[in-house]
Amino acid sequence: MSSERLRLFVAADPPPDLLEALDESIAPLRSRPELASARWTVPANQHVTLKFLGWVEAGTVEPIVNSLATVASSHEPATITLTGLGAFPSERRARVLWAGLEDPAGLLAALASDLDASLGSLGFEPETRAFTPHLTLARFRPPAPVAGVPSEVPGVAEPSFEVDRLHLYRSHLHPKGARYEILRSLELTGSGR
Ligand code: ATP
Ligand code: MG
């Protein structure tokens, strides 16, 4: 048996076109002095994290995929819309600057909750923080105040998209930033409700 360990998380992806449009719309923020210490994420690395798993033994991937398949089959696709900017944990001391997502059907929250429960039975720690669906735009280390940053995302022509699958991602950490690789994709079929 291999004892390889993989760093994993589960996410949904907006379409690349939307991420490129968002990237262009926030370009003016990059020159704001209060965001000088930001480490910006590239569109290819942006996703909606639904469940973070962390380091996992390679042999655990298969039961994880089985859990994801069960969760995915119990939900139907839904429309998600980009909203405004926000910060974690607060605008006064931001670690993360994000773009928020409106989820009228509650799909993302339901997926996050079901994944938490389903993967909890495989021994993964349940999430204690409230779920806020978001795209991470920038990180700050140390935390920085971002209170002066406008909260609107200006001018994304097509801010809505369909979430119809979830992905099991592997994170490759590098000194210059992480690279994310899709290991498996599971369609939201609604067939297992
Ligand atoms: P780095 O840690 O080098 O900044 P990263 O955070 O992008 O890189 P990971 O730490 O592997 O890479 O995280 C993968 C994804 O999971 C990212 O979207 C990250 O924001 C999210 N994430 C990381 N840790 C947690 C956590 N404890 N809870 C929820 N989401 C997390
Ligand atoms: Mg991290």
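When a ligand or atom number is given, it counts from 1 through the structure's own listing order. These numbers were taken from a predicted model, which means no experiment stands behind them. Heads up: numbering here begins at 1 and tracks the sequence.
- Under the 4.5 Å side-chain criterion, counting only non-hydrogen atoms from C-beta, Pro14 is in contact with Leu135.
- No side-chain N or O of Thr83 forms a donor-acceptor pair with one of Glu102 less than 3.5 Å apart.
- For residues 138-160, the set of pairs meeting the side chain to side chain donor-acceptor pair (under 3.5 Å) definition, not counting sequence neighbours, comprises Thr81-Ser160.
- Residues Phe9, Phe52, Tyr169, Tyr180 make up the rest of the hydrophobic cluster containing Ile182, defined by ILVMFWY side-chain heavy atoms closer than 4.5 Å, directly or through other members.
- Among pairs with a residue in residues 160-182, those fulfilling salt bridge (Lys or Arg N to Asp or Glu O under 4.0 Å) read Glu4-Arg170, at least two apart in sequence or across chains.
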N/O pairs closer than 3.5 Å, ligand 1 and protein:
from	atom 1	to	atom 2	distance (Å)
ligand 1	6 (O)	Arg139	NH2	3.3
ligand 1	7 (O)	Arg139	NH2	3.0
ligand 1	7 (O)	Tyr180	OH	2.0
ligand 1	10 (O)	Arg7	NH2	2.7
ligand 1	11 (O)	Arg7	NE	2.7
ligand 1	11 (O)	Ser171	OG	2.7
ligand 1	12 (O)	Tyr180	OH	3.4
ligand 1	18 (O)	His47	NE2	2.6
ligand 1	18 (O)	Thr49	OG1	3.0
ligand 1	20 (O)	Arg139	NH2	3.2
ligand 1	28 (N)	Arg129	NH2	2.6

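- Two residues are said to be in side-chain contact when any heavy atoms from C-beta on lie closer than 4.5 Å; Val56 and Phe124 meet this criterion.
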